[in-house]
Structure formats: structure tokens, C-alpha cells
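To find a chain, count down the sequence lines: A is the first, B the second, and so on, and within it residues start at 1. Values in this document were obtained by computation on a predicted structure and should not be read as measured data.
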Protein chains: 2
Amino acid sequence: MALDARRMQAFFALKDAGDLLQMLMNDQLQRDGGLSYLQFSLLARLAQAPDGRMRMTDLADTAVHSRSGLSYQAGKLEAAGLIRRERGDDDERSVTAVITEDGRELLEKVLPGHIAVVEQGMFEALDDRQADALADALEAVCERLRDLVPSATERRRKRA
Amino acid sequence: MALDARRMQAFFALKDAGDLLQMLMNDQLQRDGGLSYLQFSLLARLAQAPDGRMRMTDLADTAVHSRSGLSYQAGKLEAAGLIRRERGDDDERSVTAVITEDGRELLEKVLPGHIAVVEQGMFEALDDRQADALADALEAVCERLRDLVPSATERRRKRA
DNA sequence: TATTGTTATACTCTATAACTATA
DNA sequence: TATAGTTATAGAGTATAACAATA
């Protein structure tokens with residue numbers, strides 16, 4: 001097979017794997033906690049941040065495509081009592097999203113099933129050496145892509 | 001780092017890489033040919049099938065989540081003259097989607113830019129050995145996931 | 001009675017731009 | 001004047017279920 005064709009196939013495998021995993025996750029997360037995958041990933045990002053807090057803009061830049069999309073999702077998470085929003089101390093314009101105790105509890109509740117899906121769907125097909133290689137390569141790719149893809153903030157600036 | 005944490009990170013890298021690549025693709029495909037990524041992938045799947053033809057059900061099972069979703073997209077592609085739909089010969093219920101000459105031309109037109117995005121976003125970050133390992137691992141994962149995730153047809157049967 | 005494909009309906013999500021408030 | 005965040009609007013896409021036609 002030509003090199004290009006093999007690489008294109010790897011790309012399609014990456015896309016398909018991500019999409020198929022998301023379908024499994026959506027089912028599992030909905031069943032175990034009434035969460036969409038996007039909502040789960042927002043909660044997970046907050047939970048691992050220092051003190052469970054992040055500025056809305058920073059959260060939008062790492063997680064979601066537009067700020068309005070984040071406001072929409074944050075509204076749903078806040079209505080469900082899983083996060084709350086606080087005005088920033090230093091900069092009165094900014095808003096900080098904070099995961100609540102309920103949010104952490106729900107995350108704990110859905111996490112085992114989530115990990116099981118990742119294990120079964122992604123890693124049972126690989127031996128340890130392959131799994132390591134996959135993790136290394138994906139992280140390198142991801143880092144490169146983050147430099148390449150303009151953040152929500154940069155996109156907004158460009159429009160203006 | 002615990003094994004679980006490292007694996008979860010690999011999973012998030014997979015999801016993020018796929019999402020970031022899709023953002024780049026959507027821009028490029030829209031610019032070069034007015035196509036969404038989903039429409040492009042449907043055309044690409046048809047183009048590589050024998051005679052450029054595939055039954056709607058088979059196409060739905062490999063590409064898209066629900067049959068109605070495929071009908072919707074096929075309607076747009078047909079209106080743009082990129083595919084046409086024919087009644088099946090053997091089974092009068094079935095419909096076969098066929099890529100048109102215009103469809104193949106458009107695919108040729110957007111493909112160089114598409115390959116360039118994959119090269120720059122995905123493979124420039126990797127050496128040849130890493131790229132091979134990534135391709136192998138992703139294909140193993142993908143194959144496993146295809147067994148695990150119920151197809152559109154199976155989902156429909158389950159509901160009934 | 002089961003299956004193929006389409007469609008009607010309702011819903012979720014997204015993005016753009018307009019807006020408010022602060023820097 | 002620029003930035004942070006929200007919101008109003010409008011559009012794209014999705015899924016479910018109901019449907020018609022064929023097996």
C-alpha cells in the first residue's frame with residue numbers, strides 16, 4: 001500500500017475509533033448519570049483543576065468550540081447543581097466555574113463504568129507495548145494539534 | 001502515574017485529536033468544496049466501494065448513526081448532484097447510492113488539501129516508527145469497537 | 001410478519017452577532 | 001477601545017416513531 005493510503009487509513013481509524021467510543025460513552029453516561037459526553041468531559045476537566053475551579057474562557061479554550069456553546073452547557077450543569085458560577089475576585093468581568101460536591105459525587109458514580117468502557121473498547125485489543133506506543137503517539141499528535149487549531153478566543157478575535 | 005490514569009489520558013488524547021482534526025477538516029473541506037466532514041466521508045466511502053455503489057443500509061451501518069440521518073445527508077448530496085439513488089435490482093425495497101462523475105471530481109479536488117491537513121496535523125509530530133505503531137494500534141482498536149458498537153440496523157431491531 | 005427506506009416531528013446543539021459590564 | 005461572559009436568533013443535524021412499499 002502506498003504510504004499516503006496507509007496514513008489516510010490511520011486517520012480514518014482515529015476518527016472512527018473516537019466516534020465509536022463516544023457512542024458507547026454516551027450510552028453509558030446517560031444510563032449511569034444522565035450526562036452527555038460533553039458534559040462529563042467538562043465536569044472531568046473541572047474536577048482535575050486546582051480547587052475544582054476554572055475561568056470560563058480557559059474552559060472554553062480547552063474544551064468547547066465557542067463561548068456561547070460553553071455558556072449553554074454551563075447553564076445546564078448549573079441548573080442540575082453540578083457546578084456553580086462565581087464572579088472573579090481580581091477581574092470583575094470574569095466568571096469562574098466551580099464543580100460542586102454533587103458534581104464530584106456524580107463524577108465518582110459514573111467513572112467506574114466510564115473506565116470500563118475505555119478498557120474494554122480501547123485497550124483489550126492491545127498488548128502493553130502497543131498501548132504504550134499508542135498513548136505516546138496520541139499525546140504527541142494532540143500537542144501538535146493544539147498549536148495548530150485556533151482557540152475559541154483566537155477565532156473570536158479574528159472575526160472582529 | 002497509575003496505569004489507569006495513563007490510559008484515561010490516552011483516551012482523552014484520542015478524543016481530542018479526533019475532534020481537533022475534524023475542526024481543521026471542516027474548515028478545509030468547506031473552503032475547498034463546500035462539504036461537511038460527514039459528507040466528505042460518505043463520498044469517500046462510496047468512491048472506494050466497487051463501482052462506487054453501496055446499499056443505503058450498508059452505508060448507514062458503516063458511516064452514520066441512524067438511517068434517517070443518512071437519508072437526510074443523502075438528500076443533500078443528491079441535490080448537489082454528487083450522488084444519485086437507484087432502486088435495487090434484486091431486492092425492490094432496497095436503494096443503492098452511487099457516486100456521480102461530479103462527485104468523483106469534487107472528491108479529487110478536495111483530497112490534496114485533506115491529505116495535507118492529515119500530514120501536517122497528525123504525522124509531522126511523529127517519526128516513521130511511531131506512525132506505524134499508531135496506525136497498527138488504531139486499526140486494532142477500531143476493529144474491536146466495530147464488534148462492540150451495535151450498528152444502526154441492530155439498534156433499530158432492538159427498539160422494535 | 002419482517003425489512004427497506006423516507007418522512008414528520010421534536011429536540012439538542014452550535015455559531016454568529018448583538019448586548020452588558022468591566023478593564 | 002478591548003475583553004469577559006451571556007443571550008437572542010437562526011440553522012444544521014439527530015433520533016424516534018410513523019409510514020409506504022416490498023419480501
(request) Could you tell me whether the phosphate oxygens of C:dC13, OP1 or OP2, come under 4.0 Å of any side-chain nitrogen or oxygen in A:K76? (result) yes
(request) Answer with base, sugar-phosphate or nothing: what part of the nucleic acid does B:R157 contact at a heavy-atom distance below 4.0 Å? (result) sugar-phosphate
(request) Could you state the atom-to-atom distance from CD of B:Q30 to P of C:dT14 in whole Å? (result) 18 Å
(message) In this structure, how many angstroms lie between the P atom of D:dT3 and the CD atom of A:E154, rounded?
(response) 12 Å
(request) Just compare D:dA23, C:dA21, C:dT4 and give me whichever is closest to any side-chain atom of B:R67. (result) C:dT4
(request) Considering only NZ, NE, NH1 and NH2 on the basic side and carboxylate oxygens on the acidic side, decide whether B:D61 and B:R67 come within less than 4.0 Å. (result) no
(message) With nearest nucleotide decided by heavy atoms, which residue, A:H65 or A:D90, maps closer to the 5′ end of DNA chain C?
(response) A:H65
(message) Taking the basic N atoms (NZ, or NE/NH1/NH2) and the acidic carboxylate oxygens, is any pair closer than 4.0 Å for B:D19 and B:K15?
(response) yes
(request) For the side chain of B:S68, starting at C-beta, report the closest nucleotide among D:dT7, D:dA4, C:dA8. (result) C:dA8
(request) With the side chain of B:R93 defined as its heavy atoms from C-beta on, choose the nearest nucleotide among D:dA12, D:dT22, C:dT14. (result) D:dT22
(message) Output the rounded distance in Å from CD (A:Q73) to P (C:dC11).
(response) 17 Å
(message) Can you measure B:R55 atom CZ to C:dT6 atom P for me and round it to whole angstrom units?
(response) 12 Å
(message) Need one value for A:L38: base, sugar-phosphate or nothing, where a base atom within 4.0 Å counts as base even if backbone is also close, heavy atoms only.
(response) sugar-phosphate
(message) Just to be sure I understand the rule, does B:S94 reach a base, reach only the sugar-phosphate, or reach nothing, if contact means heavy atoms closer than 4.0 Å?
(response) sugar-phosphate
(message) Just N and O in the side chain of A:R85: are any of them under 4.0 Å from OP1 or OP2 of D:dT6?
(response) yes
(request) Rounded to the nearest angstrom, tell me the gap between atom CG in B:D27 and atom C1' in C:dA15. (result) 13 Å
(message) Taking A:L38 as the starting point, is it possible to reach A:L29 by hopping between hydrophobic residues whose side chains are less than 4.5 Å apart?
(response) yes
(request) Could you work out which one of D:dT7, D:dT22, D:dT16 sits closest to the side chain of B:E92? (result) D:dT22
(request) Using the six-membered ring wherever Trp is involved, compare the ring planes of B:H114 and B:F40 and label them parallel, tilted or perpendicular (cut-offs 30° and 60°). (result) tilted
(request) Please tell me which of the listed nucleotides, D:dA4, C:dT14, C:dT4, lies nearest to the side chain of A:T153? (result) D:dA4
(request) Report which part of the nucleic acid A:R156 touches: base, sugar-phosphate, or nothing (heavy-atom distance under 4.0 Å, all strands). (result) base
(request) Would you mind checking if B:D91 and B:R93 are paired as a salt bridge, meaning a charged N to carboxylate O distance below 4.0 Å? (result) yes
(request) Mind calculating the distance between CG (A:L70) and P (D:dT7) to the nearest angstrom? (result) 12 Å
(message) Expressed as a whole number of angstroms, how long is the span from B:R87:CZ to D:dA21:P?
(response) 10 Å
(message) Among D:dT14, C:dT14, C:dT6, which nucleotide has an atom closest to any side-chain atom of B:V95?
(response) C:dT6
(request) To the nearest Å, give me how far apart CE (A:M54) and P (D:dA4) are. (result) 16 Å
(message) Do B:F123 and A:M8 land in one hydrophobic cluster if side-chain heavy atoms of ILVMFWY residues count as linked below 4.5 Å?
(response) yes
